[in-house]
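Take a look at the structure below.
Side chains included, hydrogens not; waters and symmetry mates left out as well; all remaining heavy atoms used. Every chain is numbered from 1, with letters handed out A, B, ... down the list of sequences.
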Amino acid sequence: MLDINRIRTNPDEIVAALKKRGYALDLTEFLSWDNERKALLLENESLKAERNTKSKLIPELKKKGEDASALLDELKIMADKVKELDERQDALEQKIKLFVQALPNIPADDVIAGGKEGNAVVKTFGEKPVFAYEPKNHVDLCTSLGLIDYERGVKMGGNGYWLYTGVGAQLEWALLNYFMAEHLKDGYTMMLPPHILTYECGLTAGQFPKFEEDVFRLTEEGFHFLLPTAETALINLYRGEILEEDELPKKLFAYTPCYRREAGSYRANERGMIRGHQFNKIEMFGYTLPEHSAEMLQELIAKACRLVEGLGLHYQLSKLAAGDCSASMATTYDIELWLPSMNEYKECSSVSNAMDYQARRGNIRFRRKEGKKIEFLHTLNGSGLATSRLLPAIVEQFQQGDGSVLIPEVLRPFLGGMERIKPQGR
RNA sequence: GGAGAGAUGGCCGAGUGGUUGAAGGCGCUGGUCUUGAAAACCAGUGAUGUCCUCGUGGCACCGGGGGUUCGAAUCCCUCUCUCUCCGCCA
C-alpha cells in the first residue's frame with residue numbers, strides 16, 4: 001500500500017511514478033473524497049468532544065437531584081447527528097481505503113518505464129548448448145526416461161498437473177535438498193508454513209483484492225485459499241507486529257508447493273511442466289531496515305544465481321521494466337533458463353524488493369534503538385528456486401546423444417551418487 | 001462433532017453502565033541508600049493510531065465487527081481465537 005499522505009501531498013509525483021508501469025491514474029476523485037473526509041472528520045470530532053463533555057454533566061446533575069431532561073433531549077439530538085456523521089465518514093473512508101489498496105507499488109527510481117519489451121538482460125551465465133543431433137524436448141525426455149508421467153498426472157488432477165515418478169521424483173527432491181542445504185549454509189532460517197491461508201494474508205501480500213480469482217479458494221463461507229507462493233505466507237509472519245531494530249534483518253526460506261489457477265494462461269508451446277497448477281518452490285524472504293533493502297536485494301539475486309550456476313545451467317538475469325514487475329514490487333530481477341526445445345528463456349526465479357509496500361498493507365513495523373521511532377520495515381522475496389522449469393532445463397541442456405541425461409554434480413550426493421539417468425526398458 | 005469457560009496496557013490481573021485510558025502487582029526508567037551490586041524506599045512509566053488552532057488540546061482504541069444508551073471495558077448480537085471436559089479420527 002502506498003503512503004496515503006504521500007498521495008495527498010504529492011499527487012503528481014504518484015501519477016508520474018505509476019505511469020512508468022503503464023498505470024493510468026486519475027487522482028481527482030480521490031483528492032475530493034479525501035478533502036470531504038477531512039471536513040467530515042473535523043465536524044464529527046468536535047461534535048463528539050462537545051457530546052463527551054456534556055454527557056459528563058448528567059451524573060453530576062443527578063447527584064444533585066436536579067432535572068436533566070433538557071440536557072438529555074439536547075444530547076439525544078447530538079447522538080443522532082454523530083451517528084449520521086459516523087456513517088458518512090465510514091463509507092468515505094472505506095471508499096478511500098479500497099482505492100489506495102488497489103494501487104500498485106511505485107517502481108524504484110532505477111527501474112525503467114514501460115512494459116516487458118524494456119526488460120534488460122544484465123548478466124548471462126554459460127552458453128547455449130550445441131547439439132550434434134536433434135535435441136529432444138523435455139516432455140519426450142522426461143517420458144522416455146521415466147521421470148514424469150504426464151498422462152496419469154492429468155488423469156488424477158486434470159489438465160495442468162503432472163506426476164513425478166521414480167528417479168524423476170528423486171531428482172525433484174534432490175533439487176530441493178540442494179537449495180535447502182545452500183540456504184542453511186548461508187544462515188537462513190527454514191520455515192514450513194501452512195499451505196491454506198486466510199483472506200487477510202492475500203491482502204497483505206498485495207495479491208488481493210485484485211487477484212482473488214487466481215487462487216484456489218477452498219471454503220464457501222469465509223475465505224481460505226491454497227497459497228500461490230510461500231511469499232504469501234511469509235509476508236504475514238509478523239503482520240500487525242512491531243519488531244525491534246536488532247531483530248533485523250530476518251532472513252528466511254520456506255519450501256511449499258505453489259498452487260495457482262493459471263486460468264486461461266496456457267499457451268500452445270507451454271507443454272509439459274512449464275506452467276502448472278502445482279509446482280514446488282523454495283522461497284527466500286527478507287525483512288530489513290529500509291536503508292538495507294537494496295543491499296539485501298543484491299544478496300538474494302546473488303544467491304539465486306549461485307544456485308543455478310551450481311547446476312551448470314545456461315541462464316540470463318534480467319532486470320524487469322516497471323510494467324512487468326508484479327503490483328507489490330518496486331524492483332524485480334528474473335532468472336531465465338535456456339530451454340533449447342522452446343528456443344526461449346523461461347523464468348525460474350523472480351527476486352524482488354517490495355520496499356515498504358507490503359509492510360504498510362500488513363502493518364509490519366520496527367522500532368529504532370535510537371529515538372525509539374516506529375517505522376515500516378522493508379520486505380523482499382525471491383525464488384530460490386522454483387523447480388518446475390529447472391527440471392526441464394536440466395534434461396534438455398544436459399541430454400546426451402544416447403538419450404541419457406547427465407546429472408549435475410551438486411545433485412549427485414542427494415541421489416546416492418547417481419551420475420546419469422538412462423532411458424528405461426529396451 | 002457435543003458441553004462449558006475465557007480474550008483488558010510489555011507481562012499478570014482488577015474492573016458489570018457515568019471524570020476508568022483503565023486499580024493493584026510484576027517488569028522497565030530515574031533517584032535515595034551502598035565501595036559496587038542486591039534488598040528496601042521514593043518517583044516516573046499507553047515507546048498505540050489519528051486530527052488540528054500543536055496544547056498540562058481533540059477524537060479513537062480494553063480480541064474483530066455490529067447494536068442498545070445522553071454515556072459502554074462493562075448490557076445485547078455476531079465473528080475469530082484460546083482453554084477445559086466428552087466423543088471421533090490420521
Find which nucleotide of RNA chain B each of A:R37 and A:P59 is nearest to by heavy atoms, and output the residue with the more 5' nucleotide.
A:P59

Using the test side chain to side chain contact (heavy atoms under 4.5 Å, CB included), find all partners of A:L61 that sit at least two apart in sequence or belong to another chain.
A:E66, A:A68, A:L71

With sequence neighbours left out, write down each residue that passes ring-ring contact (aromatic ring centres under 6.0 Å, His included) with A:F30, or none if nothing qualifies.
A:F99

Mind running a 4.0 Å heavy-atom check of residues 230-242 of chain A against RNA chain B and sending the residues that fall below it, in number order?
none

Please identify each residue that fulfils side chain to side chain donor-acceptor pair (under 3.5 Å) with A:K20, with sequence neighbours left out.
none

Please state the C1' separation for the pair B:A40 and B:C33 - nearest whole angstrom.
9 Å

Can you tell me how far P in B:U50 sits from the matching atom in B:G2, rounded to whole Å?
43 Å

When the P atoms of B:G46 and B:G9 are considered, how many whole Å apart are they?
14 Å

Within this structure, what is the NZ-to-P distance between A:K97 and B:G49, rounded to whole angstrom?
17 Å

Can you name the residues that form a side chain to side chain contact (heavy atoms under 4.5 Å, CB included) with A:L163, not counting sequence neighbours?
A:D149, A:R152, A:M156, A:T165

Round to the nearest Å and state the distance from A:L243 atom CG to B:G10 atom P.
15 Å

Is there a side-chain polar atom (N or O) of A:R365 under 4.0 Å from OP1 or OP2 of B:U48?
no

Would you please name every residue forming a side chain to side chain donor-acceptor pair (under 3.5 Å) with A:E409, sequence neighbours left out?
none

G-U wobble or Watson-Crick pairing nucleotide for B:C88 (cut-off 3.5 Å, both distances):
none

Please state how far atom CZ in A:F366 lies from atom C1' in B:U48, giving the value in whole angstrom units.
17 Å

Hey, does A:R360 reach any base, or is it just sugar-phosphate, or nothing, if we go heavy atoms under 4.0 Å?
nothing

Say you pick atom P in B:U84 and the same atom in B:G30; how far apart are they, in whole Å?
41 Å

Which residues share a ring-ring contact (aromatic ring centres under 6.0 Å, His included) with A:F285, sequence neighbours left out:
A:Y287

Using purine N1 to pyrimidine N3 plus N6-O4 or O6-N4 for Watson-Crick, or N1-O2 and O6-N3 for G-U wobble, both under 3.5 Å, which nucleotide pairs with B:U68?
none

Considering only atom C1', compute the distance from B:U32 to B:C26 and round it to an integer number of Å.
22 Å

Are any of the side-chain heavy atoms of A:S318 and A:Y333 separated by less than 4.5 Å?
no

B:A73 - base-pair partner by Watson-Crick or wobble geometry, distances under 3.5 Å:
none

Between B:U34 and B:U8, how far apart are the C1' atoms? Round to whole Å, please.
40 Å

Sugar-phosphate means primed atoms, P, OP1 and OP2; the rest is base. With that split, encode nucleotides 59-74 of chain B 5' to 3' as B, S or - using protein heavy atoms under 4.0 Å.
BS-------S-BS---

Mind calculating the distance between CZ (A:F223) and C1' (B:C79) to the nearest angstrom?
18 Å

So, A:D140 and A:K136, do they make that salt bridge, N to O below 4.0 Å?
no

Go through the structure and list residues passing side chain to side chain contact (heavy atoms under 4.5 Å, CB included) with A:P413, not counting sequence neighbours.
none

Residues in ring-ring contact (aromatic ring centres under 6.0 Å, His included) with A:F414, at least two apart?
none

Going by purine N1 to pyrimidine N3 plus the second Watson-Crick contact, or the G-U wobble pair, all under 3.5 Å, which nucleotide sits opposite B:A37?
none

Could you tell me whether the side chain of A:F225 reaches within less than 4.5 Å of the side chain of A:T198, counting heavy atoms only?
no

Could you tell me how far apart A:I4 (CD1) and B:G49 (P) are, to the nearest whole angstrom?
16 Å

Paired nucleotide for B:C81 [Watson-Crick or G-U wobble; both distances under 3.5 Å]
B:G6

Rounded to whole angstrom units, what separation is found between the CD1 atom of A:I96 and the P atom of B:U50?
15 Å

Report the relative orientation of the aromatic rings in A:F253 and A:H183; use parallel for angles under 30°, tilted for 30 to 60°, perpendicular for over 60°.
tilted

Using the P atom as the point on both nucleotides, what is the distance between B:A73 and B:C41, in whole Å?
35 Å

Could you work out, with side chain to side chain contact (heavy atoms under 4.5 Å, CB included) as the rule, every residue matching A:T143, not counting sequence neighbours?
A:V139, A:Y150

Rounded off to whole Å, could you give me the CD-to-C1' distance for the A:E93 and B:G49 pair?
12 Å

Return the nucleotide paired to B:U19: Watson-Crick means purine N1 to pyrimidine N3 with N6-O4 or O6-N4, wobble means G-U with N1-O2 and O6-N3, both under 3.5 Å.
none

Give none if B:G49 has no partner; otherwise give the nucleotide forming a Watson-Crick or G-U wobble pair with it, both distances under 3.5 Å.
B:C59

Grab the N/O contacts between the protein and nucleotides 52-56 of chain B below 3.5 Å, and write none if there aren't any.
| from | atom 1 | to | atom 2 | distance (Å) |
| --- | --- | --- | --- | --- |
| B:C52 | OP1 | A:K38 | NZ | 2.5 |

Mind checking the C1' distance from B:G13 to B:A23? Whole angstroms is fine.
10 Å

Counting the atoms with a prime plus P, OP1 and OP2 as sugar-phosphate, which does A:R368 contact under 4.0 Å by heavy atoms, base, sugar-phosphate, or nothing?
nothing

Please give the nucleotide sitting opposite B:C28 as a Watson-Crick or G-U wobble pair, both distances under 3.5 Å, or none.
B:G44

Heavy-atom side-chain proximity of A:M284 to A:N381 below 4.5 angstrom
no

